[in-house]
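What follows is a single structure, written as structure tokens, with notes after it.
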Amino acid sequence: MKKFLALLLAAVLSVSLLTGCGDENKGGTGGGNSSTTPNASGTESNDTNTGLDMSKTIKMGILVSDATSAEALAFRNYYTEYIQEHYNVELIYSDELTDAAGETSAIDTFITNNCQVIISFSSFDRAAQIQQCEDAGVYYAVATGTLTEEEYETYKTYEHYIGAIGPSLDVEFETGYNMAKHYLDQGKTNFAIFGGAIPYYTEMHIYRAAGMLTAMVEAGGEGANYKGATDKMSIIGQIFADGEVTTGEIGNINISGYVGGYDMDDAWFGKCAQMAQTPGLEVILAVGNGSDFFGTAAAGTDVLIASVDAYASSYGEAMEAGMLDYLAGKFSASIGPIFIASYRAALGSPIRTSEGNALALSQGYWIATSAEEFNTYYAVDSSVDSPAYTKELLDTLLTADYAAFEKFVSQYSFEEIQKMK
Amino acid sequence: MKTKGMEIFKRIVKIAVIPAGTLLLVFLLCSANGVKLFETEGNWILFFRATASVMLTTFALSLNLNSGRFDFSIGSIALLSSVISASICTSKGLPSAAMLVISIVAGAVLGLLSGGIYVIVKLPPIIVSLGVALFYEGLAFAVTNGYGVSFVANKELTSFPSVLHYALVILGGLFFFIFVFDYTQFGYDYKALLSGQKVSVNMGIKEIPNAVGCYVIAGALMGVVGFISATNTGTIQMALNFGSIGVMFTAFLPMFIGGFIGRFCNEKIGYLLGAVTTAFISLMYARLNVDSSIQQIVTALILVVFLIYLNNENKVIELVMLKKHLKKKTK
């Protein structure tokens, strides 16, 4: 009887772990590493055009620290529903990682599983990940985001470090800057800022907020400054020092509210509602998702909300309802080029810079300022038949030299990509 | 007569001392910072929402915990029941009242399943509830393809938050809980099992249906908590790998406070006052924009200090009595 009970409990736990993997076509998450079945329809087994032997299934491990955000789900969808369907690869996803020890353990599991490449969406300890993969002779790539200059200098010559493609910190700064400028140009003067992961010292959020503040300093008139700081680097330094954005006046621009973190408790939601209902407030600038946290509280007011995230249907609804006014969204196919770089490395044709170093290429966001614009972008971004980067486009990178590869990545705007098709 | 009146007064003081003392403290802290504790309607809504949500979670947690059943799955029940109700209501265009009812029913069914697994496998409830929590979190993730549910644009469903609605939820929940556990056979059996399981079973009380009943009620209460949380923002964020367990921890402080106050009145009233106390603290955090790390430290300190007091209460009383005695002697 005890055996039966133990088995039953094991079954319940197993089902729960498997259920966390999403639907049957969507790879796994939630518990244990999960792989998706390769289906390389349309894949050339030994392509005479590329000269690459693509007959063997390449196993790739994907490290993820977030399995539930719109951005993470869109990325996952693109890899499992499109890339895996068109290339001879098997993608094995990690658990939702929560710390550096988890990353080390997941990489060990991937290596035991004979993964030839590890693509990482997790950044608790990039340096340790790169070193671990180099020591094990396994290729490693950063899926979205970039290394710091110091880190890049250290690891750029590592044989198994493929590189990073994604919004650099400069792009993150510009994203915040452009968002704030969009409203400053309209004459708005009363802002609130949602700082997302600034309290946890997440660089990309700090840079986005710094971009917003820099735009305000520029528009604030003579002598305008943020706590004495007037230029990009000193503003970034000030946010790092404080771990938050301080409310107050920047010349004739007013920051009347600030909320940071993702506590999701009563006090936190209270702070969000309080900020959204600040008298005289015109715009909420969010370094992350804004409409989900402030949309309801701001409903019925004239407060405009601007967010940085990905293209998800809920944002479309929020835009239609007037709860979201501006979205800087990552497009899901933006992780296509790093896949090709990883695939080439596994096939024995790694791509390096002209100096023989790892890749460090920057990409930006698609900006939607109306529901129509959003719907146009979303239709392409969510398509599993014809996403932004189709197989035909990505295949051109299989034999591209560094210059061509770099040029391809730099043309990331919606219009540029459509032109390439 | 005078003595009786004095006793009643003393009892009222003991019942009110923690919530009133907390209110006074947060009021003074806010005043010192030039902030009004209750300035806008939003502040009142936050206070009533926190009270309703924490009170129901405390009921749900204490229900099984007092019987030695540690239930980690209550947060996942709140999550999954709200996913079910929100999905149905957004697709069918149903109003918030329907969402509340569906949440309660879904929560009760999920509680029944959780309790059913516990009584069938007869493993320690802590293990079973962890498995169930993972299962429900995974199910919610699978049902929504990981995206959760968003209905920020649905004005009907997001119109629920108001002082009146939350006050009705508080009163309804309190009366229901008092009625079931103080005025029904189920409640008498529950109390008998609490005081002595073996004796009660020998007397003919059926422990298994009672335990399952407790899980069903706890599930229904968490269904309401899930509903409150979902309609507050119009979004339901997914949680994996025990991410839903955090909800349970919001109920510990009010449960201990409620237990203390329960010595002087009905324990359920004590839980309500415990929830009111934590709602005052939450409101103060929001009004003073207290950093989350400081919030966690303060909340943990309050909990630890309170537990230290409860565990050493006799010694504290003895110390006070001794001091009084010595003072008298020196006079």
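Predicted, not measured: the structure shown is a model, and the values here were computed from it. Chain A is the first sequence line, chain B the second, and so forth, proteins listed ahead of strands; every chain is numbered from 1.
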Item to check | CZ-CD distance between B:F151 and A:E317, expressed to the nearest 0.5 angstrom | outcome: 11.5 Å
Item to check | Interface residue of largest heavy-atom contact number with chain B, from A:D263, A:D265, A:L324, A:V259, under 4.5 Å | outcome: A:D263
Item to check | Min side-chain heavy-atom separation A:Y262-B:Q237 under 4.5 Å | outcome: no
Checklist outcome for this item: All heavy atoms of B:G146 vs all of A:L73, minimum pair found to be O-CD1, 3.0 Å
Next on the checklist: Under 4.5 Å from any heavy atom of chain B, what part of A:Q274 do you find: side chain, backbone, both or neither?
Outcome noted: side chain
Item to check | Distance in Å, A:F269 CZ paired with B:S53 OG, rounded so as to fall on 0.5 Å steps | outcome: 10.5 Å
Next on the checklist: To check you understand the geometry: which heavy-atom pair defines the closest contact between B:Q295 and A:A267, and what is its length?
Outcome noted: OE1-CB, 3.9 Å
Item to check | Contacting moiety of A:S69, where chain B heavy atoms sit under 4.5 Å | outcome: neither
Checklist entry - If every non-hydrogen atom of A:S291 is compared with every non-hydrogen atom of B:V152, which pair is closest and at what distance? => result O-CG1, 4.0 Å
Checklist entry - Among B:L46, B:I45, B:V149, which has the most heavy-atom pairs under 4.5 Å with chain A? => result B:L46
Checklist entry - Hey, is the main chain of B:L288 close enough, under 3.5 Å, to the side chain of A:K271 for a donor-acceptor pair? => result no
Item to check | Side chain, backbone, both or neither of B:Q296 within contact of chain A (heavy atoms, under 4.5 Å) | outcome: neither
Next on the checklist: If you apply the rule side-chain contact (heavy atoms from CB on, under 4.5 Å), what do you find for A:D266 with B:R49, and how did you get there?
Outcome noted: CA-CA 8 Å; A:D266 287 318; B:R49 182 177 64 242; 4.2 Å; yes
Checklist outcome for this item: In this structure, OG1 of A:T98 is separated from CG of B:N241 (nearest 0.5 Å) by 8.0 Å
Checklist entry - Is there a side-chain contact between A:M275 and B:N289 (heavy atoms, below 4.5 Å)? => result no
Item to check | Approximate separation, where rounding is to 0.5 Å, of A:S313 OG and B:Y147 OH | outcome: 7.5 Å
Checklist entry - Rounded to the nearest 0.5 Å, how far apart are OG of B:S292 and CE of A:M264? => result 12.0 Å
Next on the checklist: Looking at B:F27, I'd like to know if its CZ atom is crowded, meaning that more than 12 non-hydrogen atoms belonging to other residues, nucleotides or ligands lie closer than 6.0 Å.
Outcome noted: no
Checklist entry - Measuring heavy-atom distances to chain A, does B:T235 have an atom under 4.5 Å in its side chain, in its backbone, in both, or in neither? => result side chain
Checklist entry - Tell me, side chain or backbone of A:F294 under 4.5 Å from chain B's heavy atoms, or both, or neither? => result neither
Checklist entry - Considering only heavy atoms, which portion of B:N154 lies under 4.5 Å from any heavy atom of chain A: side chain, backbone, both, or neither? => result neither
Checklist entry - Side chain, backbone, both or neither: which part of B:E39 has a non-hydrogen atom closer than 4.5 Å to chain A? => result neither
Checklist entry - When rounded to the nearest 0.5 angstrom, what is the spacing between CG in B:N232 and OG1 in A:T296? => result 7.5 Å
